[in-house]
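Here the structure is laid out as structure tokens; the discussion comes afterwards.
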Amino acid sequence: MTLEEVRKQIDVVDKQIKVLFKERMILADQVARVKAESEDAIYKPDREEAIITKLTGDVDDSIKKEYTALIKRIMEVSRKYQYGRTLELRNCLDVSFVTEEPKVKKLAMLKHELYICQGYSRDLVNTVSDYEQVMELIRKDEADAGMGIFEDISYGVSDSLHEALTMNDFYIYRCDEVLDEGHRKKVVTFGKQLVVLPEHNRLKIVFVCKNKSGSLASVLSMISDYGVNLTEIHSVPFRGGEWNYRFYVELNGNLLQKEIQALVFQLINETETFKILGSYFCEQ
Ligand SMILES: C=C(O[C@@H]1C=C(C(=O)O)C=C[C@H]1O)C(=O)O
């Protein structure tokens, strides 16, 4: 057979797959409707495992891994579709946010970072020695917001600020790039509430995924399936407890967009722990 002839046959098979794929997605939609009514979980790992075992049992070893990958992928996109449909059917995204930036009269910062203070008079800044204290001042309403260096192009990310935001449920709502003696730094402003404004183009998230082969890859392909660009990723081991990692990710998008809401909904349901760390505008 010539290449041309084989390709013609592939085109025929692709058309058949397309028909079956559409049929399968109609069924996935029906599943979503039933689950939305009964408030049942979309992701059923046991059922997926059973499907994989049943279908792959009699497949030749030479293509078993490939077939398994295909079946997994089909179920992943089926789930993606169900998350989007479910949000259209019932408003069940459990993320609260405000749509106005807080008025900042008093700011709290680390003493040694006061030099990067953006747009506020330094006399009105309450300085302390660690982020826990910054957040304590905000919690006690002795400051309205905190500010700190989140990333430095020469020294990398600030683990302590990432950790403090994660552990204290604080949220970034501004991100400014500051040039300090040749060092580019990302300086963030954060507060007690998640603020989402229409002009925001970044969503910072943190998640922990199962410590098994393919779990990070499946989260990353999920993000890509939504057509969302990932602008930063790094991992940090847990302090204390078992040895596992938190993944910090910055996404290009806005929580007011339906696709981002569906992605967040899927991440909440398919990662071990998930948190939004902020929504902000970034020029880069
Ligand atoms: C379709 C379902 O929802 C999800 C998707 C599946 C699939 O596409 O086959 C299987 C299990 C669930 O994770 C279902 O529950 O049957």
Side-chain angles (χ1 to χ4, degrees), residues 93-104 107-110 113 116-120 130-139 143-153 156-178 184-208 219-220 223 226 228-236 245-257 259-268 271 273-284:
L93 183 65
D94 189 18
V95 177
S96 49
F97 56 84
V98 296
T99 50
E100 242 177 87
E101 266 190 24
K103 300 258 174 300
V104 181
L107 196 64
M109 290 181 71
L110 301 188
E113 287 187 354
I116 49 97
C117 178
Q118 294 295 295
Y120 300 99
D130 65 40
Y131 285 119
E132 292 295 328
Q133 292 172 23
V134 168
M135 288 168 188
E136 191 53 27
L137 287 175
I138 302 171
R139 234 180 258 118
D144 314 299
M147 188 180 276
I149 300 171
F150 202 49
E151 284 179 38
D152 183 311
I153 206 144
V157 298
S158 161
D159 282 344
S160 56
L161 185 47
H162 279 80
E163 165 107 3
L165 290 165
T166 309
M167 302 315 285
N168 291 285
D169 291 327
F170 273 64
Y171 305 92
I172 301 165
Y173 62 88
R174 266 190 78 107
C175 180
D176 297 286
E177 191 174 311
V178 176
R184 290 166 70 186
K185 295 170 201 278
K186 281 189 182 170
V187 173
V188 293
T189 312
F190 51 88
K192 274 187 290 195
Q193 279 178 309
L194 176 62
V195 182
V196 183
L197 303 182
E199 62 268 29
H200 286 177
N201 61 357
R202 293 288 192 277
L203 192 71
K204 187 88 188 183
I205 59 172
V206 57
F207 61 84
V208 175
V219 172
L220 297 183
I223 293 170
Y226 283 86
V228 172
N229 185 26
L230 189 152
T231 44
E232 193 266 338
I233 178 165
H234 72 276
S235 63
V236 177
Y245 291 86
R246 279 197 192 97
F247 290 94
Y248 288 94
V249 165
E250 189 190 64
L251 303 170
N252 211 188
N254 186 303
L255 197 55
L256 300 172
Q257 295 161 343
E259 280 292 281
I260 299 290
Q261 290 176 3
L263 170 59
V264 166
F265 186 37
Q266 184 161 7
L267 286 166
I268 289 171
T271 54
T273 60
F274 172 86
K275 234 180 223 185
I276 293 179
L277 279 198
S279 167
Y280 46 90
F281 174 79
C282 182
E283 267 180 51
Q284 298 306 312

Using every non-hydrogen atom in the two residues, find where [X] and [Y] come nearest and quote the distance to one decimal.
| X | Y | value |
| --- | --- | --- |
| Leu194 | Tyr171 | N-CD1, 3.3 Å |
| Tyr173 | Ala145 | OH-CB, 3.4 Å |
| Phe170 | Met135 | CZ-O, 3.6 Å |
| Met109 | Ile116 | CE-CD1, 3.6 Å |
| Tyr131 | Ser160 | CE1-OG, 3.7 Å |
| Leu107 | Met147 | CD2-CE, 3.9 Å |

Other residues, nucleotides and ligands only: do more than 12 of their heavy atoms fall within 6.0 Å of CD on Glu199?
yes
The test is ring pair (Phe, Tyr, Trp, His ring centres under 6.0 Å); show your working for Phe207 and Phe274 and say whether it passes.
CA-CA 4 Å; Phe207 61 84; Phe274 172 86; 7.3 Å; no
For the residue pair His234 and His162, does the interplanar ring angle fall in the parallel (under 30°), tilted (30 to 60°) or perpendicular (over 60°) class?
perpendicular
Thr189 meets the side chain to side chain donor-acceptor pair (under 3.5 Å) criterion, sequence neighbours left out, with none
[X] (side chain) donor-acceptor with [Y] (main chain) under 3.5 angstrom:
| X | Y | value |
| --- | --- | --- |
| Gln261 | Leu255 | yes |
| Asn201 | Cys282 | yes |
| Glu250 | Arg202 | no |
| Lys186 | Cys175 | no |

Testing the 3.5 Å rule here: is there a donor-acceptor pair between the side chains of Glu136 and Asn168?
no
For residues Phe247 and Thr271, determine if any side-chain heavy atom of one lies less than 4.5 Å from a side-chain heavy atom of the other.
no
